[in-house]
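These figures come from a predicted structure and were not determined experimentally. Proteins come first, then strands; the chains are lettered A, B, ... in the order of their sequence lines, and each starts at number 1.
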Amino acid sequence: MTTSQTSNSKYDYKAIEEKWQKNWKDTDKYKTREDENKEKYYVLEMFPYPSGRIHMGHVRNYSIGDVVARYKRMRGFNVLHPMGWDAFGLPAENAAQKNNSHPAAWTYSNIDYMRNQLQQLGLSYDWGREIATCNPKYYTWEQILFLEMYKKGIVYQKTTTVNWCESCQTVLANEQVIEGLCWRCDQAIHPRKMNGWFFKITDYAEELLSDLDKLTGWPEKVLTMQRNWIGKSTGLSCDFQLDGMDEKIAIFTTRPDTIFGVTFMSIAPEHPLVDTLISGSDKENDIRNFITEILAEKQQQGPEDEQIKKGIFTGKYCINPYNGEKVPVYIANFVLIEYGTGAVMAVPAHDERDFEFARTYDLPIKPVVIPDGIQLDPQTMENASTVPGLLINSGEFNGLETEEAKKAIIHHAETHGFGKAHITYRLRDWGISRQRYWGAPIPMVHCDSCGVQPVPVEQLPVVLPDDADASGATCQPLHQRESFIATTCPACGKAARRETDTMDTFVESSWYFARYTCPRFTDAPLDKEKASHWLPVDQYIGGVEHAILHLLYSRFFTKVLRDLGYLDIDEPFTNLLTQGMVIKDGAKMSKSKGNVVDPHDLITEYGADTVRLFSLFAAPPEKDLEWNAQGVEGCSRFLNRVYRFIISRPELKEDNAIGSELSESGRALHRKTHQTIKRFTENIENNFHFNTAISAGMELFNSMNSLTDSEKQEPAETPVVLEAIKSLLILLSPMVPHFCAEMWTQLGNNESIESEPWPQYDAEAAKEDLLTIVVQVVGKVRSRLQVPADIEDEELKAMALADPNVLRFIEGKELKKTIVVKKKLVNIVV
RNA sequence: GCGAGGGUGGCGGAAUUGGUAGACGCACCAGACUUAGGAUCUGGCGCCUUACGGUGUGGGGGUUCGACUCCCCCCUCUCGCACCA
């Protein structure tokens with residue numbers, strides 16, 4: 001082939017990608033076994049919901065993960081890199097209803113299609129470990145774990161208020177309620193009291209919080225979000241006796257130091273003592289109307305709405321246990337029943353909300369903490385003073401500083417028996433009951449005589465019935481399926497009813513990463529030996545939208561699995577990379593915006609390698625990636641340039657050692673090669689900055705391209721060029737695996753490029769022998785000098801001062817000093 | 001309001017410990033090869049200026065021989081939480 005024939009030819013990505021994908025499949029290339037001779041490395045990307053076809057977010061996520069997997073393999077690690085399907089969930093039911101098919105059929109056909117799409121991307125998964133969570137072979141083990149958790153008291157039932165969607169006939173998770181509407185049908189969500197199953201994640205609140213400190217490989221942002229979500233507060237819980245009544249109002253405060261400043265009490269409209277407080281009062285009707293009114297307002301208000309503080313006096317008083325003062329009890333709209341005790345001691349001088357309320361209802365304001373010795377005047381204060389300071393008007397605690405005062409005041413309550421130090425969390429128990437069909441059945445039985453009974457292990461799994469009912473409907477919820485419900489009590493053998501709730505799909509995704517270590521194990525949910533070999537996951541990669549829910553649940557499950565004896569780790573994911581979104585025209589890709597780019601079309605048009613390359617090149621992984629069709633074009637051009645370079649230089653097949661006699665330009669390329677190896681590797685090691693690694697590779701290619709264009713007649717340079725191109729191919733192979741594998745064989749190599757060791761950086765070769773030194777005059781660049789790398793400072797200084805471009809600016813001026821920065825610059829100050 | 005992270009050419013993005021701002025890519029401009037080019041190759045490309053030079057990393061101030069980088073104030077964008085007592 002002559003150069004003219006190849007001057008604008010392109011590589012046949014379709015043939016090459018198919019060839020190598022077949023090769024990898026036929027040789028079972030990425031099958032992974034435990035290997036004690038190699039260090040293990042477990043890299044995992046968040047598994048997808050099989051919605052139908054992959055989107056650009058998947059492409060990005062899995063390209064990043066695949067580079068990590070391939071890179072670590074080449075660095076000598078034994079890499080576990082599995083893939084599976086988060087296969088239960090509501091969309092399958094919707095689709096089944098729409099198409100009059102079955103959720104299982106829809107799901108499995110999507111899985112087949114998407115698996116094929118992932119394979120077309122050339123992702124190096126061990127497909128032998130594939131998991132689909134809707135498969136009874138997976139959820140059986142989940143049911144067993146559920147029962148073990150039940151036995152341990154981590155699972156319980158309670159009746160509480162949930163989000164109910166009337167049109168979907170199901171409870172929704174909080175995150176599925178968008179501005180008060182159902183995410184699916186846009187109908188209003190109503191609170192509804194229902195019985196359901198819960199995981200006692202609050203038992204682990206403290207550990208989930210404190211172990212965040214161990215997660216040094218996680219982004220600070222995610223750690224902060226989890227800390228806020230858990231929401232730990234320390235303070236005092238104590239009782240205020242109701243004046244002239246038997247009952248007490250329990251409160252919780254994080255500011256016990258301000259307790260002498262209490263001037264009223266606020267309780268939530270739903271507070272259990274409300275009835276006791278107001279019944280028989282002459283204002284009872286007014287108060288009840290007021291409560292109805294504010295509860296209705298609460299329901300209607302959107303999340304953006306500013307709420308004006310409102311309240312009503314109950315007519316009753318309670319007594320501050322510290323100073324015996326009688327303070328009025330109000331019902332107030334801003335007090336949350338869900339948090340703390342549903343009652344708040346009000347200190348308007350030192351709390352913004354109490355201050356606003358006090359000003360509205362003209363209640364007294366009593367400062368008890370003075371910051372920086374400045375007196376606060378209740379008449380003229382415009383804001384509450386929330387900063388620490390010294391106590392006044394606080395009896396025996398006067399003069400104490402806020403932090404000491406808190407301790408002393410708590411201690412006082414404890415010794416007098418009306419309160420104690422207390423910690424509260426915002427974290428709530430995890431409600432896992434769903435009234436939907438397409439989920440893992442909760443393995444419990446309700447018996448009229450024996451109550452709730454767990455299904456015996458030997459009767460598991462409780463299989464999701466897959467038969468259609470008489471109407472042909474295939475996914476009506478379990479509570480409508482009489483044949484499923486009817487069973488016998490495991491305890492007494494009498495007729496009983498099965499639990500009809502299914503589990504939240506987040507349960508499946510909370511432990512799948514552990515099951516990958518032993519996906520076909522048939523004795524227990526986990527093979528302890530395998531799990532302890534592979535876990536924790538060394539590198540987890542996924543979207544930041546899971547920062548709280550999935551990642552918190554998985555951390556919780558890991559601790560539960562540890563306590564059940566299956567795992568010996570505390571945390572599941574050592575390092576976490578949260579990749580940014582793929583956006584187009586400044587917005588997240590979505591059907592409604594019409595800015596969706598289908599990976600399938602791109603792969604058809606450019607090939608998987610180009611699509612992978614662009615998604616890695618356009619932005620560092622943690623940032624959002626703006627999709628740009630012309631940028632994809634650029635990546636395709638780059639690969640084709642490399643291709644043409646290789647096919648037009650058949651002499652590159654001769655693998656000669658690099659001699660010591662190199663031309664100037666030969667030495668330069670040799671140097672550039674080793675500088676590139678260094679930069680490339682460092683950029684990957686440093687937070688997986690593939691974008692800068694790739695640009696380093698492009699630079700290397702540009703310099704070998706320009707070198708050989710002018711000097712390709714000189715055969716002596718071939719070994720240097722060969723070294724450069726081989727290094728480039730190996731470096732790029734984790735990113736564009738098919739292309740590099742094919743080009744590698746083009747160079748006459750029989751061994752697979754993947755078994756090549758990662759290129760070694762030769763510091764000697766990378767060393768510059770000439771340096772460009774910048775010469776500044778008073779900080780402005782005036783000249784540049786080419787000097788030997790080992791030049792002495794004095795000599796360099798003399799050269800700089802003699803430089804004509806410098807002289808122009810220093811002539812006739814007094815020389816103050818000269819700064820020489822090794823290998824960088826000279827700055828002359830005049 | 002609170003918390004976190006950003007603001008660098010027309011665009012995506014680079015810049016060890018303060019030391020050549022704009023690597024790499026896209027777009028654009030000019031040229032080459034062509035019947036043609038939306039292929040390919042070569043060169044140019046922050047802004048102002050014919051040039052010399054000046055100026056420039058959201059704005060203002062400071063430290064320094066030297067600041068995208070450090071300090072203070074302000075503006076702005078994105079994300080998260082949002083009456084949590």
Subject >> For the student: nearest non-hydrogen atoms of R555(A) and L215(A), plus distance >> reply: NE-CD1, 3.8 Å
**OP:** Whole angstrom is fine here: how far is it from CG in L223(A) over to P in G80(B)?
**Re:** 18 Å
Original post:
If you pin R255(A) and N691(A) to their nearest nucleotides in RNA chain B, which one's is more 5'?
Top reply: N691(A)
Original post:
When the distance from CD of E633(A) to P of G38(B) is rounded to whole Å, what number comes out?
Top reply: 12 Å
**OP:** Measure the spacing between CD1 of I646(A) and CZ of R641(A) and express it to the nearest 0.5 Å.
**Re:** 13.5 Å
**OP:** Side chain of P620(A) only, please: which of G80(B), G25(B), G13(B) is the nearest?
**Re:** G13(B)
Subject >> Atom P, compared across A39(B) and C28(B): separation rounded to whole Å >> reply: 10 Å
Original post:
What residues, two or more places apart in sequence or in another chain, satisfy side-chain hydrogen bond (donor to acceptor under 3.5 Å, both in side chains) together with N333(A)?
Top reply: none
Original post:
How close or far is atom C1' of C26(B) from atom CH2 of W627(A), stated in whole angstroms?
Top reply: 14 Å
Subject >> Distance between C1' atoms of G44(B) and G5(B) (Å, rounded) >> reply: 37 Å
Subject >> Gap in Å between the two P atoms, one belonging to A15(B) and one to U42(B), rounded >> reply: 26 Å
Subject >> Gap in Å between the two P atoms, one belonging to C2(B) and one to C65(B), rounded >> reply: 38 Å
Original post:
If we take the P atom in both C72(B) and A4(B), what is their distance in whole Å?
Top reply: 14 Å
Original post:
Using purine N1 to pyrimidine N3 plus N6-O4 or O6-N4 for Watson-Crick, or N1-O2 and O6-N3 for G-U wobble, both under 3.5 Å, which nucleotide pairs with G1(B)?
Top reply: C81(B)
**OP:** For G19(B) and U64(B), measure between their C1' atoms and round to the nearest Å.
**Re:** 12 Å
**OP:** Send over the distance from W229(A) CH2 to C79(B) C1', rounded to a whole Å.
**Re:** 15 Å
Original post:
Does the side chain of E622(A) come within less than 4.5 Å of H689(A)'s, by heavy atoms?
Top reply: yes
**OP:** Measure across T673(A) and S727(A) and return the closest heavy-atom pair with its distance rounded to 0.1 Å.
**Re:** CG2-OG, 3.6 Å
Subject >> Centroid-centroid distance, Y330(A) to F357(A), less than 6.0 Å >> reply: yes
Original post:
C77(B) C1' sits how many Å from I583(A) CD1, rounded?
Top reply: 13 Å
Original post:
How is R784(A) classified with respect to the nucleic acid when contacts are heavy atoms under 4.0 Å: base, sugar-phosphate, or nothing?
Top reply: base
Original post:
A82(B) and A27(B): how far apart are their P atoms, nearest whole angstrom?
Top reply: 44 Å
Subject >> Rounded distance (Å) that lies between atom P of G19(B) and atom CD1 of I828(A) >> reply: 20 Å
Original post:
Over how many whole Å does the gap from K824(A) atom NZ to U20(B) atom P extend?
Top reply: 7 Å
Subject >> F680(A) ring center near Y761(A) ring center (under 6.0 Å) >> reply: no
Table of protein N/O atoms under 3.5 Å from nucleotides 28-35 of chain B N/O atoms:
none

Original post:
Quick one: are P348(A) and F264(A) in side-chain contact, heavy atoms under 4.5 Å?
Top reply: yes
Original post:
5'-most contact on RNA chain B: V774(A) or G631(A), nearest heavy atom basis?
Top reply: V774(A)
**OP:** Tell me the partner of U69(B), counting only Watson-Crick (N1-N3 plus N6-O4 or O6-N4) or G-U wobble (N1-O2 and O6-N3) with both under 3.5 Å; none if nothing fits.
**Re:** none
**OP:** Could you tell me whether R227(A) contacts a base, only the sugar-phosphate backbone, or nothing, with contacts defined as non-hydrogen atoms closer than 4.0 Å?
**Re:** nothing
**OP:** Compute whether any side-chain donor of one residue and acceptor of the other, for T424(A) and Y339(A), lie under 3.5 angstrom apart.
**Re:** yes
**OP:** Report the base-pairing partner of U40(B) (Watson-Crick or G-U wobble, both distances below 3.5 angstrom), or none.
**Re:** A32(B)
Original post:
Expressed in whole Å, how much space separates the C1' atoms belonging to C41(B) and G53(B)?
Top reply: 35 Å
**OP:** Provide the Watson-Crick or G-U wobble partner of G9(B), both distances under 3.5 Å; none if there is no partner.
**Re:** none
Original post:
Within the pair N686(A) and U16(B), is there a side-chain N or O less than 4.0 Å away from OP1 or OP2?
Top reply: no
Report, one pair per line, the protein and nucleotides 1-12 of chain B atoms (nitrogen or oxygen only) whose separation is under 3.5 Å.
unit_1	atom_1	unit_2	atom_2	d
G12(B)	O2'	A618(A)	O	2.7

**OP:** Could you tell me which non-hydrogen atom of K309(A) sits nearest to which non-hydrogen atom of F334(A), and how far apart they are?
**Re:** CD-CD2, 3.7 Å
Original post:
Which part of the nucleic acid does V335(A) contact within heavy-atom distance under 4.0 Å: base, sugar-phosphate only, or nothing?
Top reply: base
Original post:
Syn or anti: how is G56(B) classified when any glycosidic angle within 90° of 0 counts as syn?
Top reply: anti
Original post:
Is the phosphate of A14(B), meaning OP1 or OP2, less than 4.0 Å from a side-chain N or O of R679(A)?
Top reply: no
Original post:
So, R255(A) and D257(A), do they make that salt bridge, N to O below 4.0 Å?
Top reply: yes
Subject >> Residue-phosphate contact under 4.0 Å: R637(A) side-chain N/O, A27(B) OP1/OP2 >> reply: yes
Original post:
Rounded to whole angstrom units, what separation is found between the CD atom of Q776(A) and the P atom of G66(B)?
Top reply: 10 Å
